[in-house]
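From a predicted model like this one, the values you see are computed outputs, not experimental measurements.
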Amino acid sequence: MSLTEVNVTINGKSYSEWVEPRMLLSDFIRESCGLTGTHVGCEHGVCGACTVSLDGSAVRSCLIFAVQADNREIKTVEGLASSGEMTTLQKNFVECHGLQCGFCTAGILMSITDFLEKNPQPSVKEIKETLSGHLCRCTGYDGIVKAVEKTVQDNNKEVLQRS
């Protein structure tokens, strides 16, 4: 099979790799770029463990071919923290025991980050609806919901302090 060149920017760093056109974006990120924070669970887009940000929107990287991401910008869980400082959401996952076993955490963090950027004042129902796009075998979504609620509260306090 012929190879196709893929050029992407992941977490601000440029990557250029030759890949088979059938290579999934999730495999490209993990195997070609060495960013193993993105996990592959079901490979059918159901579990959400492979969620990344593609041009600013959360997507399932196991449902996209790497060639479809050519010349696009990707953010993975490795790109959330800035200068070694975890985001408020990441800190609250730790504080509220939302990490559980950690396998699906990266995908959930990417989905919730996108969700909060688009909906900074969600209701608990909206948080739970967003989380319904993820399958976690640890079965404990309570800590995750609390972490998201605390992040919303922390973000509100930060906005008030700035004004």
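The two atoms that bring Gln121 and Glu126 nearest to each other are O-OE1, 4.2 Å, heavy atoms only. Of all heavy-atom pairs between Ser61 and Val52, the closest is CB-CG2, 4.0 Å. Taking every heavy atom of both residues into account, Val8 and Ala69 meet most closely at CG1-O, 3.1 Å. The two residues Ser14 and Thr9 come nearest to each other via the heavy atoms OG-OG1, 4.0 Å. Leu24 and Cys62 get closest at one heavy-atom pair: CD2-O, 3.6 Å. What you find for Asn119 and Pro122 is that their closest heavy atoms are O-CD, 3.2 Å.
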For residues 32-50, tabulate all N or O donor-acceptor pairs below 3.5 Å that involve a side-chain atom, not counting sequence neighbours.
| from | atom 1 | to | atom 2 | distance (Å) |
| --- | --- | --- | --- | --- |
| His39 | ND1 | Phe103 | O | 2.5 |

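In the model, Asn11 has a side-chain atom that pairs as donor or acceptor with a side-chain atom of Thr76 under 3.5 Å.
Among residues two or more places apart in sequence or in another chain, the side-chain contact (heavy atoms from CB on, under 4.5 Å) test is passed with Ser16 by Glu5, Asn7. Residues satisfying the side chain to side chain donor-acceptor pair (under 3.5 Å) criterion with Thr51, sequence neighbours excluded, are Arg60. Annotation: salt bridge (Lys or Arg N to Asp or Glu O under 4.0 Å) contacts of Glu149 (sequence neighbours excluded): none. For Asp55, the side-chain contact (heavy atoms from CB on, under 4.5 Å) partners are Arg72, Glu73, not counting sequence neighbours. Take Arg162 and apply the side chain to side chain donor-acceptor pair (under 3.5 Å) test, not counting sequence neighbours, and it matches Glu158. By the side chain to side chain donor-acceptor pair (under 3.5 Å) test, Asp27 is found to be paired with no residue, residues two or more places apart in sequence or in another chain being considered. The side-chain contact (heavy atoms from CB on, under 4.5 Å) check on Lys13 picks up Tyr15, with sequence neighbours excluded. In terms of the side-chain contact (heavy atoms from CB on, under 4.5 Å) criterion, residue partners of Cys96 (sequence neighbours excluded) are, by chain and number, Lys146, Ala147, Lys150.
Apart from Leu109 itself, the hydrophobic cluster it occupies contains Val77, Leu80, Met86, Leu89, Phe93, Val94, Leu99, Ile108, Met110, Ile112, Phe115, Leu116, Val124, Ile127, Leu131, Tyr141, Ile144, Val145, Val148, Val152, where clustering links Ile, Leu, Val, Met, Phe, Trp and Tyr at side-chain heavy-atom distances under 4.5 Å. Listed by chain and number, the hydrophobic cluster partners of Leu63 come to none, as no ILVMFWY side chain reaches under 4.5 Å of it.
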| task | Mind running side chain to side chain contact (heavy atoms under 4.5 Å, CB included) on Phe65 and Val19 for me, showing each step along the way? | result | CA-CA 10 Å; Phe65 293 113; Val19 301; over 6 Å; no

| said: Using the rule given for side chain to side chain contact (heavy atoms under 4.5 Å, CB included), can you reason through Thr151 versus Asn155, listing the C-alpha separation, both sets of side-chain angles and the distance that settles it, and then say yes or no? | reply: CA-CA 6 Å; Thr151 300; Asn155 289 344; 3.7 Å; yes

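Of the possible donor and acceptor atoms, none in the side chain of Ser82 sits under 3.5 Å from a partner among the backbone N and O of Glu85. Side-chain N or O atoms of Gln90 include one that pairs as donor or acceptor with a backbone N or O of Thr87 at under 3.5 Å.
Using a 4.5 Å heavy-atom threshold, the side chains of Lys118 and Ser57 count as touching. By the 4.5 Å heavy-atom criterion applied to side chains, Leu3 and Glu20 are counted as neighbours.
A distance of 4.5 Å separates CD1 in Ile10 from CD1 in Ile74, rounded to the nearest 0.5 Å. A distance of 12.0 Å separates CD in Glu17 from CG in Asp70, rounded to the nearest 0.5 Å.
For residues 99-113, the set of pairs meeting the side chain to side chain donor-acceptor pair (under 3.5 Å) definition, not counting sequence neighbours, comprises Ser111-His134.
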